Structures are given as structure tokens and as C-alpha cells.
Trainee: 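Can you keep this structure in mind? I'll have questions shortly.
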Amino acid sequence: MKQIPSRYNPQEVEKKLYEKWQGEGLFHVESGSSEKPFTIVIPPPNVTGILHMGHALNNTIQDILIRWKKMQGFASLWVPGTDHAGIATQNVVEKKLAREGKTRNDLGREKFVEEAWKWREEYGSAIVAQLKRLGASCDWERMRFTMDKGLSSAVLEAFVQLYGRGLIYRGNYIINWCPRCQTALSDEEAPHVETEGKLYYIRYPFKEAPCSMLKAEGVVVATTRPETMLGDVAVAVNPKDKRYKKLIGKKLILPIMGREIEVIADDFVDKEFGTGAVKVTPAHDPNDFEISKRHNLEPIKVMAPDGKMNENAGSYNGKDRFDAREGIIKELEEQGFLVKIEKHHHAVGHCYRCHTAIEPYLSLQWFVSMKELARPAIEAVKKGKIKFHPKRWTKVYLNWMENIRDWCISRQIWWGHRIPVYYCRGCMETGMRKSKIQNPKSKTMQGVIVSKIKPEKCPDCGSNNIYQDDDVLDTWFSSWLWPFSTLGWPEKTKDLEYFYPTSVLVTAPEILFFWVARMIMAGMEFTGEIPFRDVYLHGTVRDLTGKKMSKSLGNIIDPIDIINEFGTDALRYSMMAITATGQDVFLSKEKFEIGRNFANKIWNASRFVLMNIGDQIHRVGAPEAHLRGVLSLADKWILSRLNKTIAAVTKALEQYRFNEAESLIYDFFWHDFCDWYVEMVKPQLIQRNTEYEIRNTEQILIHVLEASLKLLHPFMPFVTEAVWQNVKERKSIMVEKWPEPDKKLIKKKIEADVDIIKNIITGIRNVRANMNIPHSNRLNVYIAPLKKKEEAILGGGIEYIKNLARVEELIIDKDAKKPEASASLVLEGFNIFIPLKGVIDIEKETVRLTKKTEEIKIKLGFSEKRLKDKNFTKKAPEKIVKQEREKSEKLKEQMERTRETLRSLS
RNA sequence: GGGCGGUUGGCGCAGUUGGUUAGCGCGUCACGUUGACAUCGUGAAGGUCACUGGUUCGAGUCCAGUACCGCCCACCA
């Protein structure tokens with residue numbers, strides 16, 4: 001008999017098993033190794049990142065799918081990798097330098113990038129190691145990094161292609177500027193945060209007061225950012241606004257600056273908001289910029305890239321933007337130009353990396369023209385080639401895509417893919433400088449060379465005085481190529497041909513626009529195909545108060561801590577169990593006990609089976625081949641339940657209903673298998689007197705255990721493998737075949753019969769507990785089946801009742817009369833009496849039965865009312881009506897018997 | 001301003017096409033160390049499914065509206 005510890009110890013097995021899997025190459029997949037490929041590309045975590053619960057959830061889901069599909073016989077490939085995470089990594093490296101008292105400028109570009117690479121070498125593998133602890137079955141031989149040679153070449157290729165199609169342009173526009181990171185950001189990188197701000201009303205006096213002009217000696221404008229007024233070039237009103245009609249064309253004096261500005265008319269202005277007059281600051285507001293273009297006004301920048309006011313800001317030059325705001329308000333007030341200040345609730349963009357309030361800022365950047373790219377990506381989803389799970393995200397996706405705006409892709413940082421654009425100084429002297437805003441449609445421009453490699457000399461003028469654009473590309477410009485760049489694109493590789501399009505993308509809705517939408521566009525544009533068929537969007541991991549788990553909030557639960565304390569399987573199982581499809585996950589440490597306890601249960605149930613029949617395991621195989629004679633009721637029942645469970649778990653997985661799959665197998669394994677089947681067959685195992693029965697029981701125990709382990713393996717890879725290896729020396733459970741349901745073995749009648757037996761047992765146990773009858777005290781029980789049907793059911797269940805309800809003698813007699821001083825059970829089809837002379841507590845029993853009577857009464861009333869309703873009997877399906885009649889009759893019978901018993905007690 | 005999600009026993013949550021008695025985990029109470037497991041077993045208590053109205057023979061489930069909580073999007077300064 002095998003010696004197996006009575007507790008599952010994850011620490012002891014996890015590392016060993018992972019090394020075994022990896023060592024045996026079980027994660028590696030070659031193209032063409034099966035008829036059917038199944039592919040997932042990992043959402044690449046940031047190289048600087050450490051594993052958080054979001055990753056744990058995300059990667060657990062992927063691993064479940066990958067392992068499940070592998071067992072189903074697919075060439076199941078999970079491509080791992082990491083993202084260089086431009087701004088995030090640059091910030092981290094800069095912080096490290098700061099600790100050494102240095103800035104990036106002290107090092108210079110080349111040295112700084114070297115530092116960043118060093119950082120990656122040192123810390124970039126941390127997250128990979130953590131993914132391994134999570135059990136991730138990635139094909140590590142295919143590890144990718146967004147700044148790898150191959151992927152970098154994909155980035156260049158994509159840029160050059162888009163430029164060639166006229167879909168990339170450079171121009172001066174208002175972009176989101178982070179004064180702390182000192183770079184441009186895309187709209188997605190500057191999420192709006194609801195802020196309680198102020199609305200300042202400022203009076204701009206007339207240069208020459210129009211005679212009839214009211215008491216107001218000027219025009220009052222409202223603004224949330226008064227410091228930008230220094231850059232005002234006009235005041236705009238709605239041309240239809242009667243209040244201001246006469247003022248159009250009048251001159252105003254800009255306070256503080258003393259600049260002369262004009263009142264202009266523009267449809268954009270909302271008459272209802274503020275005063276109906278808008279200060280126009282083209283260099284610091286996107287709408288004002290548009291207005292200025294329509295009216296040919298020259299923008300004036302009053303701020304420097306670091307968020308401090310510049311030389312155009314007069315005396316405020318060099319002051320921080322928020323200090324300047326205060327100063328300006330004070331000055332305006334002193335000079336009598338400040339009319340009032342109102343509280344104002346509005347949404348302000350913030351840098352998604354450092355949370356600094358972004359500044360809308362006029363600057364020269366590169367953009368991708370998105371409308372044309374969006375069209376096929378919208379089609380692909382509308383036609384159902386790509387499906388979102390849950391479905392509701394389809395609408396969110398389409399809505400964003402249909403209102404898509406151009407994508408600012410240049411970043412003023414050093415860590416990333418340098419923009420493959422070169423400028424010729426010779427040509428710049430002449431042409432380029434004069435036209436700052438380049439026409440998006442024009443494909444080429446003199447002195448601007450877009451090339452994957454640095455050109456020797458300018459194709460226009462032959463000069464070799466050439467330099468590369470300083471900027472790097474948005475991190476997401478490499479991410480959006482991920483599903484095919486990782487498989488070799490732009491090369492036409494075998495992998496690309498075989499594994500692409502990928503099967504499913506698993507990610508968080510937070511990056512639906514950042515990443516998912518853009519991958520679909522890139523896929524359609526560069527490969528002409530969808531990048532994946534299904535998109536599964538899981539929820540956000542939150543703490544119990546509903547706050548998103550984040551480092552800055554300090555409410556993090558570290559997955560590695562959980563793994564150390566509860567085990568990887570506990571982490572995985574618990575997280576999936578409490579997560580309904582696509583719903584947010586609310587975590588607390590205690591919740592991991594669910595998984596830990598379940599893993600231990602699996603361990604112990606297996607331990608029980610092995611301890612009892614481990615020495616006969618060689619005789620065990622597929623049950624059909626070895627079963628002999630007649631199967632017991634319990635045998636047939638557990639096989640029926642098993643096959644039902646196999647079918648249901650598989651279906652749930654197909655629908656991405658992970659929590660349902662888990663709970664199905666949890667209920668089956670714990671409640672059906674452990675609580676009932678194992679308990680039912682225990683005596684047979686211990687006695688070992690009937691060769692046939694023992695053999696069948698052994699076969700079935702092992703068969704059900706193994707099938708359960710297989711069903712559990714994708715969710716709990718370690719404990720299932722540990723048990724698998726305990727059974728006998730053999731290959732990994734990873735390569736076992738996913739069970740298929742045998743419909744012939746699913747038997748309704750058997751399950752119903754066992755339910756009745758279980759009810760009898762529970763009923764007797766109930767009486768025992770109620771009367772405080774000790775376990776050692778075996779009782780005699782009289783059962784009088786009311787009809788032949790019931791008698792037949794009892795036949796197969798006598799032993800189970802005797803053993804599980806601690807019954808000494810079970811007297812089955814359909815004419816059995818109630819013995820003196822007995823408790824009586826109220827069950828459908830049976831009269832059950834438990835003689836309890838000297839033990840029975842008449843009072844307690846009366847209370848118990850009275851309560852039962854009340855319950856039955858309520859149900860019966862409801863049922864009878866229903867049956868009296870002609871609408872019901874006429875309109876409801878016959879089957880339902882018949883059911884209701886039967887139910888009513890049974891209830892009446894029960895009622896009768898319970899009352900009878902009650903009478904006899906008093 | 002638009003869109004989405006949630007509201008089910010003390011707590012945390014399931015509940016797929018409307019159909020017997022609304023499930024699960026934790027917690028609570030009682031009993032228990034019976035030859036896998038106290039990370040366990042047995043039994044019990046605990047719910048007018050947020051509210052209002054509608055459709056239907058029948059609604060936790062479908063429809064309309066309301067309230068509260070949360071999220072996403074949006075160029076009203």
C-alpha cells in the first residue's frame with residue numbers, strides 16, 4: 001500500500017512538475033504537428049512589470065484554454081512575450097538614474113538606451129519566472145520581445161507600408177502633452193478624470209467702447225484654464241447669438257498682455273454655455289485651434305514643454321502653469337477684470353503613466369490616418385468573423401471604430417522604435433521649412449526619406465547631410481502587429497501560415513481600444529486576414545470595496561504571496577470560480593481557501609482510492625473492457641453523473657463559461673463522487689468478499705477518478721498531475737485525451753432512483769440528529785413502500801441505506817404498521833418508521849412534524865390553486881399539467897400520513 | 001451628455017433559451033475524530049430574487065419605467 005501524506009503540499013510538487021513539463025518539451029508545438037492548430041498569443045506584459053492579479057486572471061484563462069485544447073488533440077500553441085512599454089520603462093530607468101543623481105540628458109541618448117537594455121536584461125525575466133509559477137504552458141522556445149530584431153523589422157515594414165499608402169502624415173496639431181514625461185500621447189493614453197475645478201469669468205475690455213454699449217465694459221469670457229489667456233488671439237461668439245451680434249469685428253484688449261484681439265463669429269460656440277463668448281487660444285486648445293484655422297489666426301504658444309510658461313507669457317515666463325494660474329487670477333482681480341469664479345465639474349485628461357494633468361499642446365507630430373484602416377475592421381466584426389465574448393463589447397468596439405480619430409504615434413522619448421524617417425538638411429533649407437503642415441494625402445515630400453535603413457544620400461538632392469527623426473513610435477505601434485509579428489511577419493514563415501489567424505485573444509476590456517481594435521485593423525491591413533476569431537474579455541480585478549487593484553492605491557494582493565501560501569491551483573481555481581463570464585472579480589485573501597480546500601479534497605480522494613486498490617492498479621483500464629456481471633445501482637449512477645458532467649463541462653468551456661465549468665466539476669467530484677459514491681462503495685472495498693463486485697468497483701473508482709482529474713487538469717494543473725504521477729509511472733496528464741461523454745451511460749431513471757435512496761438516508765440522518773442519537777447506536781428501521789414501483793427502487797439501495805444511515809436492521813414490508821414510540825418520515829412513496837423507544841423526544845418530534853405539515857400545506861395550496869385555474873389546464877403544455885397533478889396527489893398523500901402520525905403522537 | 005454593468009438569505013456570488021421545492025461558498029447553530037480528508041463529515045436555521053407597472057396559464061428569468069452603486073466613452077470653453 002502506498003504511503004501518501006494526508007495533506008496536499010503544493011510547494012513540494014509545483015516546481016518539480018513544471019520542470020518536468022518543460023524538460024519533456026510538452027509546451028513546445030511545431031507547425032503542422034496536428035491537423036488542427038489552436039493558437040493564442042499572450043497579451044505581452046511590460047518588461048518592467050511584476051505579476052499582478054490582473055495578469056494572474058488573464059493568464060490562467062489562457063492556460064485553461066491551451067491545456068484543454070491540447071488534450072482535445074489540437075496543436076495548441078501559446079506564444080509568450082513581453083512588451084518594451086516605451087514610456088513606462090523609460091520612466092523606471094529615469095527614476096533609477098535619479099537615485100544616482102543623474103538625468104537622461106547627462107547620459108545622452110545612446111548611453112540611456114544602453115541603460116534601458118541593461119535594465120531589461122536584469123528585470124525583464126522576472127515576469128516570465130512568475131508566469132511559470134502560475135503554471136503557464138507557454139511555448140517558451142518562441143519567446144518574443146517587441147524590440148527583438150524580427151519584431152522591430154515588422155514595425156519598420158508596417159510604417160513604411162502605411163506611409164507608402166499615404167496613411168501616415170506629419171503635422172502641427174493640438175495633441176495631448178504630458179509635461180512631466182515631456183512627450184505627446186495618443187487620445188487613449190490621456191484618459192479623462194472627473195475633476196472638481198473652477199470656471200473663471202474674465203472681462204476683456206473694448207479697445208473703444210461702442211457708444212450704446214451697456215454697462216458691461218467689454219466681453220466676459222469663461223475659462224477653466226485662465227493661464228492660457230496669455231495666448232489668446234481672439235474672442236469667439238456664435239453668429240446667431242443676438243447678444244453679441246453687434247460686437248462681431250469689434251476690438252478688445254487682452255488684459256495683462258495688453259494685446260489687441262478681435263471678436264469673431266464661429267458656429268462652434270455654444271450660446272448656452274458660460275457667457276456665450278469664448279476666448280480663443282489656438283496653441284493650447286483643440287477647438288480653438290480649429291477656430292483659428294478657419295479664421296487665419298496665428299497661434300501663440302505661451303507654455304514650454306515642461307509645463308512652465310515661456311517667453312510669450314510676459315512676466316510669467318518661467319513660472320509653472322498652476323502657479324501662473326494663481327498669479328494671473330490675482331492680477332486680474334486687482335485690475336478689476338475678474339468677474340466671478342464658479343465651481344465647475346469637468347473631466348480633465350491625465351497621463352496614463354504618471355497621472356499628471358495633460359496639456360493640450362500644439363506641436364509637430366506623426367499621425368496615422370485611421371478612417372480607412374477602420375473600415376475593414378468594422379466589417380470583420382459586423383459580419384461575425386470576429387466574435388466578442390461577452391457579446392456586449394461588440395457595440396462598444398463598433399461605436400469607437402465608427403468615430404475613430406487619427407492616431408498620434410510619435411513620442412518624444414528615447415526608449416522604443418525610432419521613427420524610420422530621415423531628413424536631408426540640404427532640402428530642408430529650401431522646401432520643408434516653409435510648409436510646416438504637411439498635406440496628409442501627399443505621399444512624398446522633398447527631403448523627407450522614409451526607409452527601413454538609413455539612406456546613404458538624399459534621393460532628391462544627393463546630399464549626404466542626413467539625420468534621423470528624433471522621436472520613437474508609440475509602444476502600441478509594435479503591439480498592434482503582435483499576433484502576426486510574433487509568428488514571423490513580414491517574412492512568409494511556415495508558422496505564420498499554419499498558426500495564423502490565431503484562435504482567441506484573451507484580454508481586459510481596458511485595452512479594447514489601445515490594443516484589440518488596433519490589432520484587428522493591423523491584421524486586416526497587413527495580412528488581409530482577421531488576427532483572431534474570438535475575443536474573450538474578462539473583468540477587472542478589484543478589492544472588496546470595488547476599487548481597482550493597483551499599486552498606487554495600496555490594495556494589492558500579490559499572486560505570488562497567494563501561491564506561496566495556498567498553492568498555484570488554489571489561486572487559479574478560486575479566481576475562476578468567483579468570476580462569472582466577463583464580470584469584474586472582487587478579491588480578498590480568504591477567497592483562496594476555496595481552491596486550497598478543493599485541491600486538498602482531490603488529493604485525499606485520490607489518496608483513498610490508491611490506498612485501497614493501489615496494489616491492483618495494473619488490472620485497471622477502460623471500464624467497458626473490464627466490467628463484468630451486473631453493475632450496482634451506485635455504479636450506474638456515478639457513471640451517469642460522470643458522463644453528464646463531462647458533457648456539461650465541455651459545453652461550458654466552449655462558451656467561455658469558466659466558473660460554470662468549475663462548479664459543475666466541483667459539485668460532481670465533491671458531492672457526487674466523494675460524499676456519495678465513495679461512501680456507498682466503502683464497505684465493499686473493506687470487506688473484499690465478492691470478487692465480481694470488487695472488480696467493478698475498483699474499475700469504476702479509478703475510471704471516475706481519472707476522468708475527473710482530466711476534467712480538472714486545465715484548471716488545476718499541479719494537483720492533478722501530482723496525483724496522476726502517484727497512480728503509476730506514466731506520462732503527463734497534459735497529453736491525456738480530454739474525456740468524451742458516453743451518452744448511453746446517462747440514465748435519468750437511475751439518477752432519480754438514487755435521489756430517492758439519498759432522500760431516505762438524509763431523512764433518517766435528520767431524525768438521528770434531531771434526537772441526538774449517537775453514531776454508534778444503530779437503529780432498526782421499517783420501510784413500507786406504497787407501491788411495487790417503490791419496492792423495486794429500494795431493492796438496489798438497501799445496503800447503502802444501512803451503511804450510510806447507520807441502520808442495524810432494515811425491515812421492508814409493505815404492510816408494516818407504525819411501531820410504538822417511533823419517529824415517522826414523510827417521503828414520497830414510502831412510509832418509514834424508526835422505533836425509538838426510550839430515545840424519542842415526543843415534543844421535538846411533534847415540532848418537527850408540525851413544521852413539515854406547514855411546509856406541505858403551503859405547497860399543496862399553491863398546487864391546487866394552479867390546477868383549479870382553467871387557464872392553466874387549458875393553455876399550459878400537457879406535460880406540465882400532468883406533472884402538476886402528480887405533484888398535487890403526492891402532496892396530499894404526504895399530508896395525510898403526516899397528520900396521522902402527529903395524531904398518534906399526542 | 002451618451003453607453004454599459006450590477007442590485008438574489010449575515011457576507012461574497014451562480015442562476016444558458018420563462019415551467020416542479022431559487023442554488024453554491026463563507027459565516028452561524030447542533031452533533032461528530034466511523035479505517036481518504038477537521039483544508040473534514042452529518043444535520044439544521046436563514047431568501048416576498050432593489051422598486052413599480054406590463055406581457056403570460058406561469059416571471060429571479062421577457063418588456064417599460066424608477067431608485068441606488070460602479071464602469072466606459074464624449075472637443076461645452
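The structure displayed is predicted, hence computed values, not measured ones. What's counted below: heavy atoms across the whole structure, side chains too, no hydrogens, waters or symmetry copies.
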Trainee: Looking at A:W676, does any N or O in its side chain come under 4.0 Å of the phosphate oxygens OP1/OP2 on B:rU42?
Mentor: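 For A:W676, the contact criterion (side-chain N or O under 4.0 Å from OP1 or OP2 of B:rU42) is not met.
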Trainee: So that I can tick it off, tell me whether A:K802 and A:E808 are bridged by a salt bridge, with the cut-off set at under 4.0 angstrom between side-chain N and carboxylate O.
Mentor: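 No salt bridge links A:E808 with A:K802.
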Trainee: Taking the side chain of A:H671 as heavy atoms from C-beta outward, which of B:rC37, B:rC24, B:rA77 is closest to it?
Mentor: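 Per side-chain heavy atoms of A:H671, the pick is B:rC24.
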Trainee: For B:rA67, which nucleotide in any strand shown is its Watson-Crick or wobble partner with both distances under 3.5 Å?
Mentor: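 Paired with B:rA67, as far as the under-3.5 Å criterion goes, is B:rU7.
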Trainee: Using a cut-off of less than 4.0 Å, is there contact between a side-chain N or O of A:R866 and OP1 or OP2 of B:rU20?
Mentor: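 Answer no for this pair, as no side-chain N or O of A:R866 is under 4.0 Å from OP1 or OP2.
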Trainee: Let's see if you can work this out: which of B:rA36, B:rA14, B:rA74 has an atom nearest to the side-chain heavy atoms of A:A347?
Mentor: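 When the side chain of A:A347 is considered, B:rA74 is the closest of B:rA36, B:rA14, B:rA74.
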Trainee: With a 3.5 Å cut-off and no angle check, do the side chains of A:K279 and A:T281 form a donor-acceptor pair?
Mentor: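 Yes, A:T281 and A:K279 have a side-chain donor paired with an acceptor closer than 3.5 Å.
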Trainee: Say whether A:E660 and A:S663, considering side chains only, have a donor N or O and an acceptor N or O under 3.5 Å apart.
Mentor: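 Result is no, nothing qualifies.
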Trainee: What is the pairing partner of B:rU33, taking Watson-Crick or G-U wobble pairs with both distances under 3.5 Å in any strand?
Mentor: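 None - no nucleotide pairs with B:rU33, as no candidate has both distances under 3.5 Å.
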Trainee: Can you identify which nucleotide, out of B:rU20, B:rU42, B:rG5, has its nearest atom closest to the A:Q883 side chain?
Mentor: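 Nearest to the side-chain atoms of A:Q883, counting from C-beta on, is B:rU20.
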Trainee: Take atom P in B:rU20 and the same atom in B:rC75, then report the distance between them in whole Å.
Mentor: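 The answer is 50 Å between these two P atoms.
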Trainee: If we call it a pair only when both distances are under 3.5 Å in a Watson-Crick or G-U wobble match, what pairs with B:rA59?
Mentor: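 Result: none.
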Trainee: Strictly below 4.0 Å, N to O, side chains only: are A:E188 and A:R518 in salt-bridge contact?
Mentor: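 A salt bridge links A:E188 with A:R518.
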Trainee: Considering only atom C1', compute the distance from B:rC51 to B:rA67 and round it to an integer number of Å.
Mentor: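 B:rC51 and B:rA67 have their C1' atoms separated by 7 Å.
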Trainee: Please work out if A:F598 contacts a base, only the sugar-phosphate, or nothing of the nucleic acid, heavy-atom cut-off 4.0 Å.
Mentor: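 Counting heavy atoms under 4.0 Å across all strands, no contact is made by A:F598.
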Trainee: Go through the N and O atoms of the side chain of A:R7 and the base of B:rU39, and report whether any donor-acceptor pair is under 3.5 Å.
Mentor: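 Checked by distance alone, the answer is yes.
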Trainee: Out of B:rC57, B:rA77, B:rA36, which nucleotide sits closest to the side chain of A:F608?
Mentor: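 Closest nucleotide to the A:F608 side chain: B:rA36.
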Trainee: What distance, rounded to whole Å, do you find between the two P atoms, one in B:rG23 and one in B:rC40?
Mentor: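 The same atom, P, in both gives a distance of 23 Å.
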Trainee: Which one, B:rC57, B:rA74, B:rA77, comes nearest to the side chain of A:N871?
Mentor: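 The closest nucleotide is B:rC57.
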Trainee: Is the phosphate of B:rC40 approached by A:N597 (side-chain N or O, under 4.0 Å from OP1 or OP2)?
Mentor: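 A:N597 to B:rC40 OP1/OP2: side-chain N or O found under 4.0 Å.
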Trainee: Side chain of A:D869 only, please: which of B:rA77, B:rG41, B:rC57 is the nearest?
Mentor: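 The answer is B:rC57.
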Trainee: Determine the sole option in A:E884, A:K868, A:E886 for which the side chain to side chain donor-acceptor pair (under 3.5 Å) test with A:S863 is passed.
Mentor: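 The residue from A:E884, A:K868, A:E886 that satisfies side chain to side chain donor-acceptor pair (under 3.5 Å) with A:S863 turns out to be A:E884.
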Trainee: List, with names and distances, any nitrogen or oxygen atoms from the protein found under 3.5 Å away from nitrogen or oxygen atoms belonging to nucleotides 67-69 of chain B.
Mentor:
none

Trainee: When both hydrogen-bonding distances must be under 3.5 Å and the geometry is Watson-Crick or G-U wobble, what is B:rU28 paired with, if anything?
Mentor: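 Matched B:rU28 with B:rA44 under the 3.5 Å cut-off.
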Trainee: I'd like to know whether NZ of A:K758 has more than 12 heavy-atom contacts from other residues, nucleotides or ligands below 6.0 angstrom.
Mentor: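 Yes, because the 6.0 Å sphere around NZ of A:K758 holds more than 12 heavy atoms from other groups.
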Trainee: Using a strict 4.0 Å threshold on nitrogen-to-oxygen distance, state whether A:K589 and A:E565 make a salt bridge.
Mentor: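 Looking at A:E565 together with A:K589, the answer is yes, because their closest N to O distance falls below 4.0 Å.
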Trainee: Mind checking the C1' distance from B:rG58 to B:rG18? Whole angstroms is fine.
Mentor: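 Each nucleotide's C1' atom is 8 Å from the other's.
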Trainee: With a 4.0 Å cut-off on heavy atoms, is A:E679 in touch with a base, just the backbone sugar-phosphate, or nothing at all?
Mentor: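 The residue A:E679 makes base contact.
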Trainee: Taking only the side-chain heavy atoms of A:K395 (C-beta and beyond), determine which of B:rC4, B:rU20, B:rC75 contains the nearest atom.
Mentor: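 The closest nucleotide is B:rC4.
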Trainee: If you measure only the distance, is there a donor-acceptor pair under 3.5 Å linking the side chains of A:H284 and A:E359?
Mentor: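 No pair is found: no donor N or O on one side chain lies under 3.5 Å from an acceptor on the other.
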Trainee: Can you check the distance between B:rA14 and B:rG6, where both ends of the measurement are the C1' atom (answer in whole Å)?
Mentor: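 Here B:rA14 and B:rG6 have their C1' atoms 14 Å from each other.
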Trainee: Salt-bridge test for A:E679 and A:K682: reply yes if a basic N is under 4.0 Å from a carboxylate O, no otherwise.
Mentor: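 So A:E679 pairs with A:K682 through a salt bridge.
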Trainee: Mind checking the C1' distance from B:rA44 to B:rG27? Whole angstroms is fine.
Mentor: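 To the nearest whole Å, 14 Å.
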Trainee: State whether the distance check finds a donor on one side and an acceptor on the other, under 3.5 Å, for side chain A:E194 versus base B:rA74.
Mentor: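 Result: at least one qualifying N/O pair found.
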Trainee: Does B:rA36 have OP1 or OP2 sitting under 4.0 Å from an N or O in the side chain of A:K682?
Mentor: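 Yes.
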Trainee: Across the strands shown, which category fits A:R765 at heavy-atom distances under 4.0 angstrom: base, sugar-phosphate, nothing?
Mentor: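 Sugar-phosphate, backbone atoms only, no base.
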Trainee: Considering only NZ, NE, NH1 and NH2 on the basic side and carboxylate oxygens on the acidic side, decide whether A:K852 and A:E854 come within less than 4.0 Å.
Mentor: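 No, A:K852 and A:E854 are not salt-bridged.
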Trainee: Could you tell me how far B:rC76 sits from B:rG2 if I compare only their P atoms? Round to whole Å.
Mentor: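 These two P atoms come out 13 Å apart once rounded.
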Trainee: Choose from B:rA77, B:rG43, B:rA36 the nucleotide whose nearest atom is closest to any side-chain atom of A:T762.
Mentor: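 Per side-chain heavy atoms of A:T762, the pick is B:rG43.
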Trainee: Considering only B:rG12, B:rA74, B:rA77, which nucleotide approaches the side chain of A:H344 most closely?
Mentor: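 Of B:rG12, B:rA74, B:rA77, B:rA77 is nearest to the side chain of A:H344.
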Trainee: For B:rC75, which nucleotide is its Watson-Crick or G-U wobble mate, given both distances must be under 3.5 Å?
Mentor: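 Partner of B:rC75: none.
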Trainee: Could you tell me how far B:rU16 sits from B:rG60 if I compare only their C1' atoms? Round to whole Å.
Mentor: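 Their C1' atoms lie roughly 14 Å apart.
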Trainee: At under 4.0 Å between heavy atoms, what does A:D675 touch on the DNA or RNA strands: base, sugar-phosphate, or nothing?
Mentor: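 A:D675: backbone/sugar contact only, no base atoms under 4.0 Å.
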Trainee: Expressed as a whole number of angstroms, how long is the span from A:L512:CG to B:rC71:P?
Mentor: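 From A:L512 CG to B:rC71 P: 18 Å.
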Trainee: Has the side chain of A:K601 got a donor or acceptor that lies under 3.5 Å from a partner of the other kind on the base of B:rC37?
Mentor: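 Checked by distance alone, the answer is yes.
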Trainee: Under 4.0 Å between any heavy atoms, over every strand shown, what does A:Y8 touch: base, sugar-phosphate, or nothing? Just pick one.
Mentor: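 The residue A:Y8 makes no contact with any strand.
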Trainee: Does B:rA22 have a Watson-Crick or wobble partner in any strand here, with both distances under 3.5 angstrom, and which is it?
Mentor: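 With both distances under 3.5 Å required, B:rA22 matches none.
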Trainee: Ignoring the backbone of A:A605, work out which of B:rA36, B:rU16, B:rG25 is nearest its side chain.
Mentor: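 Among B:rA36, B:rU16, B:rG25, the one nearest the side chain of A:A605 is B:rA36.
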Trainee: Do A:D241 and A:K271 meet the salt-bridge criterion of a basic N to acidic O distance under 4.0 Å?
Mentor: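 No, this pair does not count.
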Trainee: So A:N766, base contact, sugar-phosphate only, or nothing? Heavy-atom distance under 4.0 Å.
Mentor: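 Contact class for A:N766: sugar-phosphate only.
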Trainee: Using a 4.0 Å heavy-atom cut-off across all strands, classify A:P877 as base, sugar-phosphate, or nothing.
Mentor: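 Since a base atom lies under 4.0 Å of A:P877, the category is base.
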